[in-house]
Amino acid sequence: MKGVTVMYSVFVHTKPLKKTLTAADEAIIAQLQTLQPGTEINVHTKKQTYYNAIFQSFHPKKWLVTLVTDSFYPDGEKRITVPVGTITSLDTPSSAQSDEEEE
């Protein structure tokens, strides 16, 4: 193979590919969009649950939720940011009331 030149073209995307939303993600986002700052919620993620967390804000473009954890955690009241993709479910005051009414 004398005299053969091989050229490769490499394309690099500067923007990451947009993640497609699952039905569960869409339901969680719908809940987050209705919450008022200061609302107490339970946030269940793939790794742990944050009980009695205070909802601060939801950033829809970044898919991030900002919370303040309850003071009973070892680190005390701590501001955390949770990606929506890691949230498996939310317990809001309205969902807690509907659960109690069903019993």
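Keep in mind that the numbers below use all heavy atoms, side chains included, and drop hydrogens, waters and symmetry copies. Just so it is clear, the structure is predicted and the values come from calculations on it, not from any experiment.
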Quick one, [X] and [Y] - any side-chain contact, counting heavy atoms below 4.5 Å?
X   : Y   : answer
L32 : F55 : yes
V43 : I87 : yes
L35 : F58 : no
Y51 : D91 : no

Closest heavy-atom contact between Q56 and P37?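 Scanning both residues, the minimum pair turns out to be O-CB, 3.6 Å.
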W63 and P60: which non-hydrogen atoms are nearest, and at how many Å?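 For W63 and P60, the tightest heavy-atom pair comes out as CD1-O, 2.7 Å.
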Quick one: does T88's side chain have a donor or acceptor within less than 3.5 Å of a partner on H44's backbone?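 Such a contact is found between T88 side chain and H44 backbone.
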Measure from the side-chain N and O atoms of N42 to the backbone N and O of N52, and report whether any donor-acceptor pair falls under 3.5 Å.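 Flag set: sc N42 to bb N52 pair under 3.5 Å.
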Hey, what do you get for CZ (R79) to CG (L67), rounding to the nearest 0.5 Å?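 Result: 9.5 Å between the selected atoms.
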Could you measure the distance from the OG1 atom of T34 to the CD1 atom of I29? Nearest 0.5 Å is fine.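 T34 OG1 to I29 CD1: 12.0 Å, rounded to 0.5 Å.
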Taking the hydrophobic residues Ile, Leu, Val, Met, Phe, Trp and Tyr, and joining any pair whose side-chain heavy atoms are under 4.5 Å apart, which ones share a cluster with I54?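 V68, which link up through side-chain heavy atoms under 4.5 Å apart, make up the rest of the cluster.
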Partner of Y50 by side-chain contact (heavy atoms from CB on, under 4.5 Å), out of D70, I80, I41: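 Looking at D70, I80, I41, the match for Y50 under the side-chain contact (heavy atoms from CB on, under 4.5 Å) is I80.
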